[in-house]
Structures are given as C-alpha cells and as structure tokens.
Amino acid sequence: MVRNAGETACATVLTCFLLTSGVYGQSQSGLDLSAIDKSADPCKNFYQYACGGWLKANPIPPDEASWGRFDVLFESNQKILRSILEDSAAHMERSSTDQKVGGFYQSCMAEDEIQKLGATPLRPELERIAAIATRGDLLKEIARLHALQVQVFFDFSASPDPDNARRNIANLDQGGLGLPEKDFYFRPDARSEEIRQKYVAHIGKMLQLSGTAPPVAVKQAAEIMRIETALAKGSLDITSRRNPKLLVHRMSVSQIDSEWPAFSFREYFRAVQAPAFSALNVSVPSFQKSLNEVLANEALANLKAYLAWHFISASARLLTQSFVDENFDFYSRTLTGASQLRPRWKRCVSAVDDELGEALGRLFVERTNAQEGKARTLQIVAAIEEQMKRDINSIAWMSPATKKRAQVKLAAVTRKIGFPDHWRDYSSVKIAGSDYFGNWYRANQFESRRDMAKIGQLVDRNEWEMTPPTVNAYYSPTENNINFPAGILRPPFYSNDARDAVNYGAVGSVIGHELTHGFDDEGRQFDADGNLKDWWLKSDRDRFVKLADCFVNQYGGYSPVPGAEINGRLTLGENTADNGGIRLAYLALLDDLGAKSIPLGEKQDNFTQAQQFFLGFAQVWCENERPEAARLQVETDPHAAAEFRVDGTVSNMPEFSQAFSCKAGDKMVAVKACRVW
C-alpha cells in the first residue's frame, strides 16, 4: 500500500500488512532473478542480496515517496481500474454501476471545469461556519461536518462492543488534528520544529486561497495550531493506542454530559441522527477532558476558524490546482519527500476506489478473473492454519490450559479471500458527471449514514474494510478473521505459474503473518469471538512478554535513516507477525514438498527449494524510500522498514542459516534468536 501522508492505512481495530510493490520478471521458479545482487553475501545482508539488483534498476519516481515491488503491483491494478473507469464513463447508460463509477471518474477528470469554479464550492459551508453565533450553532456545524466525514475536534463512529464483539456500540474517540500523530506537536528536535512551522504556514496559505485576508489568515493559523496542540496534549500517543485495554471506558450518555459539560453530546448524537442508545465507549477520557477545556474557554471566533481550516483541508483535493499544489507541498513534499504530484488519472482512480470502492471493485474482480487465485490461496491458508495448530501444541512456554484456549481461538478464525460475497448498494448516492465536489461529499454522507445505522446492530462480519483492488491484507481482532483482497493475490505475492516454494515464501508468509496477529501482543487480548477478554494464565502472559521483549530490543536497534531508530514497542505486533508468519509458511512448505516427494535440495534457477522460499519472501519487500518518508514511517507506522522486515526476520531462523550455509558470527545469524511463535 502506498504510504502517503494524510491517508489512513487502516482502521484502529485492524492490524494490517502494509505493502508497497515492483516489476515482476518471473523465471522458471517464479523468482525475479534480475533483482538479485550476486556481489552481496546473503549471510551478511540478505536484503541486499535478494533485492540489490532491483533497487539499483528502480529509482523512486518523482511523484512517489517510496518505490517498491508492491507499488508496481498497485500501479498495475490502477491501470486496470483506469481502463474500467474510462469504459464505464463512455458507457454510463449500460448499467447503474457504470453510471456511478464512470460519472464519478468523469467529474474528477474534468479539470477545466474544476478550475473555472475556483473556491466557490467551499462558499456555502464556509458561510455557515461564519454565521455561527452561539455554542448551539457550533454543535450543529460540528455534527454537519462529521456527516461529511470532516473529522473536526473528535471522532464518533460505530464499532464492535469490546465486551460483546457481535454487536456494534457507539464509540467516542480522539481526533481533530492536522499533523499525523500526537508527538508531532511536541518533539523538541529541529526537524519537528521545522515541520510545525511549515504546518502553520500551510494553514495560513490555505486560508488565503479560500478568501481570507493575509493578515487575518496568519493570525488564525497561529490560533488553530494552539487549539490543535491543546487537543494533542490530551490525546493518546500512537504506541499506547496499540494496547486495546487503554481504549475501553464504558460510560452513559448522562455521565459524559455531566463530566464534560461544555458540549452537549446528547444533542450532538441527535444531530448526527445516531440511533438511540444510553451507553457508549469513550476511548480516551483524557482527550475528552482537553476537548472540554478548549470548547469551554476558547473564543468562538477561533473555534470557527478551526472548523473552516479543517473543511478547507479536507476539500483541497477536490478544488483548483492552487489548492491541490499547496496541499501536496506540505503533506507530500514536506512530510514524505515526494517532489512531483501524481498524474491526475491516478488521483481520480484512487478517488473512485475511496468513495465507491465496492462498485469499482466488483468490476475489477470481473475483469481480472479473481476467482482463480482464491481457490489456491484457500489451500495455502488451510496448510498454514494446520502448522499454527501444531505450533501451539509444541511450544514449551505456554501452559496446557492456555494452549487449549488458543486452539479454540485458532479454530474460530474465519477467512475472507478476494472479494465480498454480497456487494454494497450505492443506488442512493447521487452522482453528477460535472460535480466532483458534490459527488465526493454525497458519497461521504452515504458512508456516514451507513456507519451511524450500525450502532446497536449486530456486526456484519461479511463486510470488508478494504476494497477488492487493494494491495494489502489484514487481521481483525474483534472479528477474528483474516482478509486478503483480490488486489494482493497477484505476482509477486502469488502466481499460478510460480513454484510452491516461492508462493509459500511470498503469499504464504503474508497468510502466516495475518494469522499470527491473532496471537501477537495486541491480538492475544481478544478471545475466539473477538471480545476483549483475558484468557491467558498470568504465568503465560509473563513468559510471552519476556519473549516479545526480545523483538523490542532487536528492532529497536535498527535505524533506517540517521537519527531515527525504529520504535520496538510500536512495531512489536508486526515484527512478531513477520517472524511467526514466515516460520509457519516454511513448515507448511516442508509438508507440501514431502507430500509431493520433492527434496528440499531440488533446484530451479540454481536455487534449492529452501533458498527459493526465502528469496520469495524477501523479494516482495524490495523498496527504495526517501529519507523523509523513512523518518515519517519510523514516527507513525507500526511496521518496520522493509530492509529490517527481511534481515531482522531471517536472522532469527536457523532454517535460513542452513539454506545459505551461514555461520555463527555472520550478520544474518542472530547471537540470540528471538521467537514467540
């Protein structure tokens, strides 16, 4: 998945396998032989050995922050989607789906029309904000912006009840920040201070583009930054948010209105047309306290400026080139190092995927015949689940009682592969071919209404959190399921023409990764039905934490760019899953080869089966990354940099050392190998 600043990779409840992609020159085995750097020693730097040729031949395009094997797969999928959308736009009379996706794409591509409109699409909402005269008016406008999915001040949504994951509950959470994460507002280093200064300048420029006089815009930008800093102070940091128990605080509606009286949440819930409820989950009470102080003490004029800024920022991609360029300059150039805006067709394809994802995804599935990869992937899933079952039984550190519960949870894991069984109905979304701004916000309103309607209802566990063309995968702890969109079931992750060793190393490791998430430091806190429930004996928890700390220390010693070390706590779940997933996939391969009477030493392309497996794993991670993007990843991403996801993982596996004849003292042979699963 392309990591662009300002884009959310995954919902909070999901643990994703973030990916970025590449040119796939398939050989007899399915490996990309041109990617291999034979001048490198696999025992000293396996990432360079597996990917060095690819890294040299594939510099980062100017419109990207990073460029890897999966960026290219993403781009390949985008080209398919572009073809679909252009065909739909030319034949909108053919079906309602063609009218929706084709009309939306056409409206986005109508750049001349968008330029003529200037800032006028902003006017009605900015005039409503300017007309706010009372705190009651402010509440109504916050509710209105939330219905447009402009997340001012806080977040309100439906989510599975932590105590009863089969039913949705109302959830109140922190939000309302324009920088990527809480710590961006407080880090004292020079780079962070520079980002804050550029952010304030960016706010001022965007306000001016929308019609605010320069001196007023400069003053308002400073006030907005002060408000956001106050909200950030009460927010929970990104690492702490990985502990689900810190995000559960059941309260009644009367309690929250009594506790934080500056804002009537009871009135707000009515304004957003949420179904009636008496209790909800408040994820971060300290944030609500900070919010209450802001709303109680801040001048109304400053609060209005804050609302206007966030509406303008949320709308920037829908407006003229001056808005688009200014938005790109801060969120991409400054934060990620990208030097050039992506072509408009790519941005428009992504926009349709964002807003009408399952309608477009249905056409993608038909075009790519995604059913073929689904059947074989399910076979690999079953093989890896069997290895997890054996692994749980064999590990020495877990007690028999907890092993039994772990087996119950594993048996309850469900699988969603490729695409939904039932497609979302977008018939109520009005799409006008000449109204990109309106189309976007009407689609947002549709999603907001759909989300509000879930409160109090049973969770639809057949619903997907990613669209079918997405190059990614995820595990949902509250639903206890693994999810693999059709977009990832293509080379280099999976190919019908590749040898089993390569497929197990690539997609098999991803499957094992997602399965292991159910038993990492976060996922293990949820039971078989997805409830946040402590089902471990204390002795097991203590031993798990001690073993997991090995990964914290190992990955905390890696630095992708000078002065920026990986946060071992933030990345713990992903590192645990990487290490556990590849082990499960390798064991499944051994069984597969044994059943087919294929010797582990049998070669294709001059590599043994074991070597093919590890190269298949490593080559999906070949990636060049700009220093700015690498730094942003360290600060905000629960995934380690690609190089360390490869080298850190294989260094813990004696099977890797055996495959490449590595010796004690080699860099790829850990002095003390880390292992949980």
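Owing to the predicted nature of the structure, the values given are computational and were not obtained by experimental measurement.
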Enquirer: Check the angle between the aromatic planes of Tyr555 and Phe551 and answer parallel, tilted or perpendicular using the 30° and 60° thresholds.
Expert: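 Tyr555 and Phe551: tilted rings.
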
Enquirer: Are Arg543 and Trp397 in a cation-pi setup, meaning NZ or CZ lies under 6.0 angstrom from the ring centre and within 45 degrees of the ring axis?
Expert: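 The answer is no; the distance or angle limit is not met.
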
Enquirer: Looking at side-chain heavy atoms only, is the closest gap between Glu643 and Glu623 below 4.5 Å?
Expert: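 The answer is no, as the side chains (C-beta and beyond) never meet within the 4.5 Å cut-off.
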
Enquirer: Any side-chain heavy atom of Ile36 within less than 4.5 Å of one from Phe607?
Expert: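 When only atoms from C-beta onward are counted, Phe607 and Ile36 do touch, with a gap below 4.5 Å.
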
Enquirer: Among Glu522, Glu574, Arg524, which residue meets the side-chain hydrogen bond (donor to acceptor under 3.5 Å, both in side chains) test with His517?
Expert: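 Exactly one pass, corresponding to Glu574.
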
Enquirer: Would you say Ile417 and Leu489 make side-chain contact, with heavy atoms under 4.5 Å?
Expert: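 A side-chain contact under 4.5 Å exists here.
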
Enquirer: Are the side chain of Asp666 and the backbone N or O of Val669 linked by a donor-acceptor pair below 3.5 Å?
Expert: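 Not a single qualifying donor-acceptor pair exists.
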
Enquirer: Do Asn652 and Gln554 have side-chain atoms, one donor and one acceptor, less than 3.5 Å apart?
Expert: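 A donor-acceptor contact under 3.5 Å links the two side chains.
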
Enquirer: Where the side chain of Asp647 meets the backbone of Tyr47, is there a donor-acceptor pair that is under 3.5 Å apart?
Expert: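 The answer is yes, because a donor-acceptor pair under 3.5 Å joins these two groups.
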
Enquirer: At their closest point, which heavy atom of Val620 faces which heavy atom of Ala506, and how far apart are they?
Expert: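 Scanning both residues, the minimum pair turns out to be CG1-CB, 3.8 Å.
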
Enquirer: Taking all non-hydrogen atoms of both residues, which atom of Leu632 and which atom of Pro180 are closest, and how far apart?
Expert: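 Smallest interatomic distance, heavy atoms only, reads CD1-CG, 4.1 Å.
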
Enquirer: Taking it one step at a time, do Lys182 and Gln174 satisfy side chain to side chain contact (heavy atoms under 4.5 Å, CB included)?
Expert: CA-CA 10 Å; Lys182 169 183 178 166; Gln174 65 191 40; 5.9 Å; no

Enquirer: Please check: side-chain N/O of Asp521 versus main-chain N/O of Val545, any donor-acceptor pairing under 3.5 Å?
Expert: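 Between the backbone of Val545 and the side chain of Asp521 there is no qualifying donor-acceptor contact (under 3.5 Å).
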
Enquirer: For a quick test of reading the model, state the closest non-hydrogen atom pair linking Ala640 to Ile566 and the distance between them.
Expert: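 Residues Ala640 and Ile566, closest heavy atoms: CB-CD1, 3.8 Å.
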
Enquirer: Which of parallel (below 30°), tilted (30 to 60°) and perpendicular (above 60°) describes Phe644 and Tyr558?
Expert: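 Answer is parallel, since the angle falls under 30°.
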
Enquirer: Step by step, work out the side chain to side chain contact (heavy atoms under 4.5 Å, CB included) result for Thr576 and Trp677.
Expert: CA-CA 8 Å; Thr576 304; Trp677 299 106; 4.2 Å; yes

Enquirer: Looking at His639, is its backbone amide N or carbonyl O close enough to the side chain of Gln633 to form a donor-acceptor pair, meaning the two atoms are under 3.5 Å apart?
Expert: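 Yes, Gln633 side chain to His639 backbone: donor-acceptor pair under 3.5 Å.
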
Enquirer: Do Gln48 and Ser39 meet the criterion of a side-chain donor-acceptor pair at a distance under 3.5 Å?
Expert: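 There is no such pair (donor and acceptor under 3.5 Å, judged by atom type) between the side chains of Gln48 and Ser39.
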
Enquirer: Quick one: does Asn624's side chain have a donor or acceptor within less than 3.5 Å of a partner on Asn58's backbone?
Expert: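 Yes, Asn624 side chain to Asn58 backbone: donor-acceptor pair under 3.5 Å.
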
Enquirer: Shortest non-hydrogen contact from Ser29 to Gln604?
Expert: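 Smallest heavy-atom distance, with atoms named: CB-CB, 4.0 Å.
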
Enquirer: Side chains of Leu532 and Lys245: does their closest heavy-atom pair fall under 4.5 Å?
Expert: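 Yes. Closest side-chain heavy atoms under 4.5 Å.
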
Enquirer: Run the salt-bridge test on Glu655 and Arg583 with the 4.0 Å N-O cut-off and return the result as yes or no.
Expert: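 The answer is yes: the pair qualifies as a salt bridge.
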
Enquirer: List the steps, then state whether salt bridge (Lys or Arg N to Asp or Glu O under 4.0 Å) holds for Arg347 with Asp63.
Expert: CA-CA 11 Å; Arg347 289 179 279 137; Asp63 59 340; over 6 Å; no

Enquirer: Could you check whether Thr571 and Asn575, counting side-chain N and O atoms only, form a donor-acceptor pair closer than 3.5 Å?
Expert: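 Asn575 vs Thr571: donor-acceptor pair found between side chains.
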
Enquirer: Does a salt bridge link Glu193 with Arg196, judged by any charged N lying under 4.0 Å from a carboxylate O?
Expert: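 Result for this pair is yes, salt bridge flagged.
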
Enquirer: Once you round to the nearest 0.5 Å, how far does CD of Glu635 lie from OG of Ser192?
Expert: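 Spacing of CD (Glu635) from OG (Ser192) equals 5.5 Å.
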
Enquirer: Going from CG on Leu335 to CZ on Arg626, what distance comes out if it is rounded to the nearest 0.5 angstrom?
Expert: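 Taking CG in Leu335 and CZ in Arg626, the distance rounds to 14.0 Å.
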
Enquirer: In this structure, is the centre-to-centre distance between the rings of Tyr199 and Phe184 below 6.0 Å?
Expert: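 Centroid separation for Phe184 and Tyr199: 6.0 Å or greater.
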
Enquirer: Counting only heavy atoms not in Asn606, do more than 12 fall under 6.0 Å of its CG?
Expert: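 Incorrect, the count does not exceed 12.
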
Enquirer: Assess whether atom NZ of Lys346 is packed by more than 12 heavy atoms of other residues, nucleotides or ligands within 6.0 Å.
Expert: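 Count over threshold, so yes.
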
Enquirer: Kindly indicate whether the side chain of Tyr504, heavy atoms from C-beta on, has any atom under 4.5 Å from the side chain of Gln612.
Expert: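 Side chain of Tyr504 against side chain of Gln612, heavy atoms only: no contact under 4.5 Å found.
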
Enquirer: Are side-chain heavy atoms of Pro492 and Asp32 found at a separation under 4.5 Å?
Expert: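 They are not in contact (no side-chain heavy atoms under 4.5 Å apart), so the answer is no.
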
Enquirer: Which word best sums up how the rings of His202 and Tyr331 line up, parallel for under 30°, tilted for 30 to 60°, or perpendicular for over 60°?
Expert: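 It falls in the perpendicular class, over 60°.
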
Enquirer: Do we see a donor-acceptor contact under 3.5 Å between the side chains of Asn480 and Tyr475?
Expert: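 Side chains of Asn480 and Tyr475: pair found under 3.5 Å.
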
Enquirer: Please report the interatomic distance CG(Leu589) to CZ(Arg499), rounded to the nearest 0.5 Å.
Expert: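 Reported value, rounded in 0.5 Å steps: 13.0 Å.
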
Enquirer: Give me the atom names and distance for the closest heavy-atom approach of Ala659 to Ala610.
Expert: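 Closest approach of Ala659 to Ala610: CB-CB, 3.8 Å.
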
Enquirer: Report the C-alpha distance between Gln387 and Leu515 in whole Å, list the side-chain angles of each, state the deciding distance to 0.1 Å, and finish with yes or no for side chain to side chain contact (heavy atoms under 4.5 Å, CB included).
Expert: CA-CA 11 Å; Gln387 295 304 322; Leu515 195 61; over 6 Å; no

Enquirer: Show the numbers, then the answer: is there a side chain to side chain contact (heavy atoms under 4.5 Å, CB included) between Val413 and Asn481?
Expert: CA-CA 5 Å; Val413 172; Asn481 58 28; 5.5 Å; no

Enquirer: Under 3.5 Å, side chain of Glu514 to main-chain N/O of Val510, donor-acceptor pair present?
Expert: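 Between the backbone of Val510 and the side chain of Glu514 there is no qualifying donor-acceptor contact (under 3.5 Å).
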
Enquirer: Can you find a heavy atom in the side chain of Phe617 that is under 4.5 Å from one in the side chain of Val650?
Expert: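 Yes, at least one pair of side-chain atoms sits under 4.5 Å.
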
Enquirer: Less than 4.0 angstrom from a charged side-chain N to a carboxylate O is my criterion; do Asp549 and Arg569 meet it?
Expert: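 A salt bridge links Asp549 with Arg569.
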
Enquirer: Atom CG of Leu33 and atom CG of Leu615: how far apart are they, to the nearest 0.5 Å?
Expert: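 Answer rounded to 0.5 Å: 9.0 Å.
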
Enquirer: Does either side chain, that of Asp353 or that of Thr467, offer a donor lying less than 3.5 Å from an acceptor on the other one?
Expert: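 Yes - a donor-acceptor pair under 3.5 Å links their side chains.
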
Enquirer: Are Lys198 and Glu194 packed together at the side-chain level, in the sense that at least one heavy-atom pair is separated by less than 4.5 angstrom?
Expert: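 Touching, per the 4.5 Å side-chain cut-off.
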
Enquirer: Roughly how far, to the nearest 0.5 Å, is OG of Ser240 from CG of Leu246?
Expert: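 One finds 6.5 Å between CG of Leu246 and OG of Ser240.
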
Enquirer: Atom CG in Asn483, atom CH2 in Trp464: separation rounded to 0.5 Å?
Expert: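 Here the rounded value is 5.5 Å.
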
Enquirer: Can Gln78 and Ser350 be said to form a side chain to side chain donor-acceptor pair (under 3.5 Å), step by step?
Expert: CA-CA 8 Å; Gln78 281 223 316; Ser350 293; 2.9 Å; yes

Enquirer: Please check if the distance between the ring centroids of Phe614 and Tyr586 is under 6.0 Å.
Expert: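 Here the rings of Tyr586 and Phe614 have centres that are less than 6.0 Å from each other.
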
Enquirer: State, to 0.1 Å, how close Gly234 and Ser286 come at their nearest heavy-atom pair, and which atoms those are.
Expert: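 Answer, listing the atom of Gly234 first, then Ser286: O-OG, 2.8 Å.
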
